[in-house]
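By convention in this document, chain letters (A, B, ...) are assigned in the order of the sequence lines, proteins followed by strands, and residues within each chain are numbered from 1.
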Amino acid sequence: TLFRSKLCERIAYTKFVVRVDSPEKICVMKDQPGAPPLTVLALSFKMVLHPKTNQHEIAVVAGVLMPEVSSSTPVESGMIMHAASAPNFVAVRPVNHKPVPIGIQEQARTKTGGLELVPNEQALLNFVLAKVMKLDPDVILGHDLTGFGLDVFLNRLASCKTRDWSRIGRLIQRKDLNAMVKSKLGNHVPDALAGRLVLDTLVSAKELCPREKDYSIPALAESLLNRKLHPRTDALATPIAFEYEQTLNALLRECVQDAEISLQLSNTLSVLPLSRQLTSLSGNVWSKTLRGARAERIEFLLCHELALIKPKLLLPDKLSKYDRKALEAASNPGSAIVQTEEKAGRRKPQYAGGLVLEPKKGLYDRYVLQLDFNSLYPSIIQEYNICFTTMDVDAMKNKAEDEIELPEAGLAEGVLPRVLRRLVEQRRAVKAVMKKEQDAAKVKQLDIRQLAIKLTANSLYGCLGFENSRFFARPLAQLITLQGRETLQRTIDLARDSFNAEVIYGDTDSLFVYTGLEDMMKVRALGTELKREVNKRYKTLEIEIDAVYARMLLLKKKKYAAMKVASLNEPQNLVREVKGLDLVRHDWCGLSRMVSSFAVDQLLSKDLSADDAIGNVLTNLDFIANQVMTNQIALQQYIITRSL
DNA sequence: GGCTGGAGCGC
DNA sequence: CGTCGCCGAGGCGCTCCAGCC
């Protein structure tokens with residue numbers, strides 16, 4: 001039944017409300033007309049601290065609107081530039097009861113740059129609510145919205161007792177917002193914004209670019225958008241910046257730029273098309289995919305898969321911590337209840353993980369060959385048909401690792417192997433399209449998509465070992481990592497025994513072989529031969545030549561640096577790769593990283609003997625020490641970043 | 001000197 | 001109209017550091 005919203009009881013701010021008697025009456029349309037375009041509103045805030053309450057208050061809001069965004073195809077970059085050149089609005093209010101500078105007042109009067117001047121925070125909040133109502137965006141987008149911006153916004157809406165606060169979403173909500181934001185239970189942003197998608201580019205970037213280390217706007221703008229930004233202030237501004245036209249103008253520009261950059265990041269990463277595909281893949285709710293809840297995606301993926309198999313199976317209950325404790329207590333009535341301190345951080349490991357070889361430390365100056373298993377854990381699940389449908393997980397619950405046995409050969413393919421096989425097939429298809437694609441931008445987007453499929457496949461294993469997951473099955477996780485360790489060990493033994501190869505290091509799914517060779521053709525031949533010998537032992541498991549290094553400095557487990565041959569056809573073209581060393585860690589200052597980087601460059605230099613390299617390093621150390629003593633190093637170079 | 005816990009990496 | 005639900009979080013391995021006994 002389709003109601004005009006005004007005629008029925010007010011449920012939503014939308015034009016129409018559709019009410020369905022039963023979920024069974026909902027079906028998927030045949031001949032889908034294609035998804036309607038989305039309206040996207042990028043928001044950005046600047047906060048100040050209230051001097052007495054020490055609470056965040058909102059002082060500036062900027063919005064950039066992008067209408068007619070497709071959720072199926074990536075956005076062309078031209079459209080973003082167009083949207084960015086005209087911010088939809090930027091609003092500012094006086095801070096600490098001091099009027100904003102005359103120049104800013106003048107800008108607001110003449111509406112230059114869409115600037116709006118409002119008398120106080122309450123008015124600012126209402127201004128935003130009115131804008132959101134009018135523009136009615138399907139997607140509200142911004143950087144760190146869920147962790148900061150919208151969170152503070154909701155808190156301010158509550159504190160200022162704003163009328164009809166739920167206009168920020170599409171559902172009319174009369175709940176007491178104050179009670180909502182003050183209850184300790186998690187994040188209320190998505191609930192408050194019911195009916196709109198919340199796209200937090202910080203959350204998305206973390207999921208889609210796991211190798212990135214700095215997820216701040218300037219860092220992401222540089223690495224993903226190739227844009228170097230001017231040094232900027234924090235989202236938390238100082239009140240004094242509101243007293244001068246120049247500093248306030250800079251603040252306003254920054255706020256608009258943050259919204260614009262966030263919009264560009266979302267487009268570059270194709271967050272909307274990608275999250276929509278991921279959602280279709282797992283059959284969960286889109287807004288949850290955007291929240292980055294991987295465990296829930298896997299849960300839905302498996303629930304749908306289980307609904308298809310016959311005979312039908314009961315799904316495992318989803319147990320909360322409380323449920324699990326109650327069950328535990330019921331099964332051991334005599335035992336005392338062990339109070340486990342649940343800390344927010346990482347717990348102690350519950351089972352053994354990957355095998356890490358003790359490295360043969362040193363500087364290697366001839367070719368090193370690196371071989372990697374492709375998607376080791378997903379492959380193992382498929383190779384050995386590991387699944388709760390092929391094994392009696394309950395019976396193994398309290399067994400030691402070496403008592404857990406592999407499923408018998410010849411059983412029908414389990415649910416987990418089948419899901420993974422499908423994911424692998426899809427990823428292969430994406431990669432095939434990528435190879436044919438000429439457009440570099442589209443290649444990048446396809447690359448992100450295949451990465452996302454890979455991440456989904458990899459997090460399946462993670463969810464088996466995750467206590468709060470519906471499909472938590474520690475014995476399976478244990479068996480998978482055990483097979484991983486054995487697979488790597490067998491490969492090392494084979495390399496040593498059949499090829500007389502010197503394995504100098506290996507971590508979980510990789511091994512590094514010192515070839516002692518200087519002829520690339522021979523290195524490739526060895527690699528190919530090793531690969532063939534390993535792969536013929538398995539159906540699904542597959543090892544590949546991951547890299548060849550011309551020089552390698554191996555220091556410790558998970559700490560090494562090497563010159564990687566960029567392309568096997570051009571062995572002269574080398575790229576530095578550094579893992580785990582101080583110079584890749586943010587908890588060391590810039591100066592330290594610089595010195596460390598110089599040392600690594602010297603040691604890995606093709607044209608230098610080790611002695612000469614060491615000599616240069618020592619000279620450089622003296623030079624830098626002198627600069628430090630004579631105060632010639634910028635203070636910036638001494639800053640370390642570390643969370644507490 | 002051994003132990004523990006936290007941070008931040010690697011996979 | 002308010003209450004109820006009380007969730008919301010992928011894994012382990014390793015090094016380095018601080019702090020404690």
Presence of [X] side-chain N/O under 4.0 Å of [N] phosphate oxygens OP1/OP2:
X        : N      : value
A:Lys579 : B:dC11 : yes
A:Lys557 : C:dC14 : yes
A:Lys348 : B:dG5  : yes

Rounding to an integer number of Å, can you tell me how far [X] [atom1] sits from [N] [atom2]?
X        : N      : atom1 : atom2 : answer
A:Asp176 : C:dT3  : CG    : C1'   : 13 Å
A:Asn458 : B:dC11 : CG    : P     : 14 Å
A:Tyr505 : C:dT15 : OH    : P     : 9 Å
A:Leu416 : C:dG10 : CG    : P     : 18 Å
A:Arg585 : C:dC17 : CZ    : P     : 9 Å
A:Ile380 : C:dG11 : CD1   : C1'   : 14 Å

Looking for any heavy atom pair under 4.0 Å, which part of the strands does [X] touch: base, sugar-phosphate only, or nothing?
X        : value
A:Tyr351 : sugar-phosphate
A:Lys559 : sugar-phosphate
A:Tyr560 : sugar-phosphate
A:Gly353 : sugar-phosphate
A:Gln350 : sugar-phosphate

Closest to the [X] side chain: [options]?
X        : options                : answer
A:Arg294 : C:dC12, C:dG10, C:dC14 : C:dG10
A:Ala352 : C:dG8, C:dG13, B:dC11  : C:dG13
A:Lys558 : C:dG11, C:dG13, C:dC17 : C:dG13
A:Arg174 : B:dC11, C:dG11, C:dC1  : C:dC1
A:Val584 : C:dC14, C:dG10, B:dC9  : B:dC9
A:Lys556 : B:dC11, C:dT15, C:dC12 : C:dT15

Subject >> Heavy-atom neighbours of A:Gln350 CD exceed 12 at 6.0 Å >> reply: yes
**Message:** Can you tell me how the ring of A:His56 sits relative to the ring of A:Phe148, calling it parallel under 30°, perpendicular over 60° and tilted otherwise?
**Reply:** perpendicular
Quiz prompt | Donor-acceptor under 3.5 Å (A:Arg196 side chain, A:Ile168 main chain) | solution = yes
When both distances are under 3.5 Å in a Watson-Crick or G-U wobble arrangement, the nucleotide paired with B:dC3 is C:dG19
If pairing means Watson-Crick or G-U wobble with both distances under 3.5 Å, then the partner of C:dC6 is none
| Are A:Ile504 and A:Tyr364 close enough that some pair of their side-chain heavy atoms sits under 4.5 Å apart? | yes
Report yes if some heavy atom in the side chain of A:Cys589 is under 4.5 Å from a heavy atom in the side chain of A:Gln637; otherwise report no.
no
Given the options A:Leu416, A:Leu460, A:Ile386, A:Ile480 meets side-chain contact (heavy atoms from CB on, under 4.5 Å) only with A:Ile386
5'-most contact on DNA chain B (nearest-nucleotide basis), A:Asp509 vs A:Arg642, goes to A:Arg642
The residue, A:Gln370 or A:Asp587, whose nearest nucleotide of DNA chain B is more 5′ is A:Asp587
